Amino acid sequence: LQRQMSFASIRIGLYDSVKQLYTPKGAERLAARVLAGCTTGAVAVTCAQPTDVVKVRFQANGALPDSIRQYSGTVDAYRTIAKEEGIRGLWRGTLPNIARNAIVNCGELVTYDLIKDALLRTQLMTDNVPCHFMAAFGAGFCATVVASPVDVVKTRYMNASPGQYRNVLSCLLALLMQDGLAGLYKGFVPSFLRLGSWNVVMFISYEQLQR
């Protein structure tokens, strides 16, 4: 909840405003949408990265036996990471996360816009809940396809012990050497179930709240 409320409020809430900012008269509309998606995704990560680091670490922590768990709660996780790794530790993996969220934001928001516009333009559907469902489902699938490789590398890098990888590139190379290209799509089905359901709930709610 901490992560989604901070990320989503920025990357989704600012999307239409930034899209208008990038759309002077005669501009290519698709380019404006892509730029807006990348911009709001990057700004959201820069502001809310600590919540993502804690989410990933806390999920890994939950799989450990009670006796060796590092964190007793999310607040303790923020405090422990900052104490042991410095404030910079809370922004660990920011660059791959910016890349991931810029891609996901475009995959979700831009694809949703395009699919919805196509459905309405061709008069296959009217502007109602079934139309929003179809556009959101398609957006979730596209976002999963383009974001899974970055997501796998981001999660592995953020979960790594200090010094395990020199940088994000060394993490990517180690993953490719160990698992090959298929390793970049590990967990594709659960990722799609998560992103697909998230997009359906989010876009249908968003459309209804706008009205």
Side-chain angles (χ1 to χ4, degrees), residues 1-48 51-52 55 96-152 154-155 181-182 184-211:
L1 282 172
Q2 291 167 27
R3 178 189 182 278
Q4 289 295 359
M5 289 173 71
S6 54
F7 268 108
S9 61
I10 297 171
R11 72 182 185 89
I12 298 166
L14 292 179
Y15 175 69
D16 284 333
S17 300
V18 174
K19 184 169 65 176
Q20 292 171 9
L21 187 69
Y22 284 140
T23 313
K25 290 180 180 179
E28 174 60 43
R29 191 157 174 75
L30 177 60
R33 288 171 171 174
V34 171
L35 279 171
C38 290
T39 301
T40 58
V43 171
V45 171
T46 303
C47 296
T51 62
D52 205 30
K55 177 188 80 79
N97 214 12
I98 285 177
R100 185 254 182 198
N101 273 276
I103 292 169
V104 169
N105 225 31
C106 290
E108 290 179 350
L109 298 174
V110 176
T111 306
Y112 178 82
D113 266 358
L114 293 174
I115 295 174
K116 180 184 170 185
D117 286 352
L119 291 172
L120 296 177
R121 190 173 59 253
T122 56
Q123 298 183 336
L124 290 173
M125 306 183 84
T126 56
D127 193 0
N128 54 18
V129 171
C131 174
H132 305 155
F133 177 89
M134 291 299 296
F137 190 81
F141 181 77
C142 292
T144 308
V145 170
V146 298
S148 278
V150 184
D151 218 10
V152 169
K154 179 209 76 164
T155 302
L181 288 174
L184 295 175
Y185 283 92
K186 274 187 174 180
F188 181 85
V189 172
S191 290
F192 172 60
L193 291 175
R194 182 180 71 83
L195 271 178
S197 58
W198 149 257
N199 274 273
V200 168
V201 173
M202 188 272 291
F203 279 115
I204 290 177
S205 302
Y206 180 68
E207 294 278 8
Q208 294 304 310
L209 286 168
Q210 277 193 315
R211 296 177 184 200

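Both backbone and side-chain heavy atoms feed into the values below; hydrogens, waters and symmetry mates do not. The shown structure was predicted, so the numbers you read here are calculated from the model rather than taken from an experiment.
- Contact annotation: the side chain of R11 never approaches that of V43 to less than 4.5 Å [non-hydrogen atoms, C-beta and beyond].
- Of the inter-residue distances, the one linking C38 atom SG with L109 atom CG reads 10.5 Å to the nearest 0.5 angstrom.
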Show, in sequence, the C-alpha distance, side-chain angles and deciding distance for Y22 and T39, and conclude whether the side-chain hydrogen bond (donor to acceptor under 3.5 Å, both in side chains) test is met. CA-CA 10 Å; Y22 284 140; T39 301; 2.9 Å; yes
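- Proximity of Y15 to V110: side-chain heavy atoms (C-beta onward) are separated by under 4.5 Å at one or more points.
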Does the pair L114 and L30 meet the rule for a side chain to side chain contact (heavy atoms under 4.5 Å, CB included), with working shown? CA-CA 9 Å; L114 293 174; L30 177 60; 3.8 Å; yes
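- L181 CG: 12 or fewer foreign heavy atoms inside a 6.0 Å radius.
- Ring geometry for Y185 versus F188: interplanar angle of 30 to 60°, hence tilted.
- M134 is listed as a side-chain neighbour of L119, based on a closest heavy-atom distance under 4.5 Å.
- Between R33 and D16 there is no salt bridge, since none of the side-chain N atoms of the basic residue sits less than 4.0 Å from a carboxylate O of the acidic one.
- Applying the side chain to side chain contact (heavy atoms under 4.5 Å, CB included) test between T40 and each of L35, N101, N105 identifies N105 as the sole match.
- The two atoms that bring K19 and D113 nearest to each other are NZ-OD2, 3.1 Å, heavy atoms only.
- No side-chain heavy atom of M5 sits under 4.5 Å from any side-chain heavy atom of T51.
- Inter-residue side-chain proximity for F7 and V45 is flagged as met; some heavy-atom pair is nearer than 4.5 Å.
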Applying side chain to side chain contact (heavy atoms under 4.5 Å, CB included) to R194 and T144, what does each step give before you reach the verdict? CA-CA 9 Å; R194 182 180 71 83; T144 308; over 6 Å; no
Working note: E108 + W198, criterion side-chain hydrogen bond (donor to acceptor under 3.5 Å, both in side chains); need CA distance, chi angles, decisive distance, verdict. CA-CA 10 Å; E108 290 179 350; W198 149 257; 3.3 Å; yes
Using the side-chain hydrogen bond (donor to acceptor under 3.5 Å, both in side chains) rule, take E207 and Y112 through it: C-alpha gap first, then chi angles, then the decisive distance, then the call. CA-CA 12 Å; E207 294 278 8; Y112 178 82; 2.7 Å; yes
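- Annotation: Q123, atom CD; neighbour count of heavy atoms from other residues, nucleotides and ligands within 6.0 Å does not exceed 12.
- The side-chain heavy atoms of C47 and S6, taken from C-beta on, include no pair separated by under 4.5 Å.
- For F192, the CZ atom is densely surrounded, since the number of other residues' heavy atoms within 6.0 Å is greater than 12.
- Taking 4.5 Å as the limit, some side-chain heavy atom of L120 sits within range of a side-chain heavy atom of C131.
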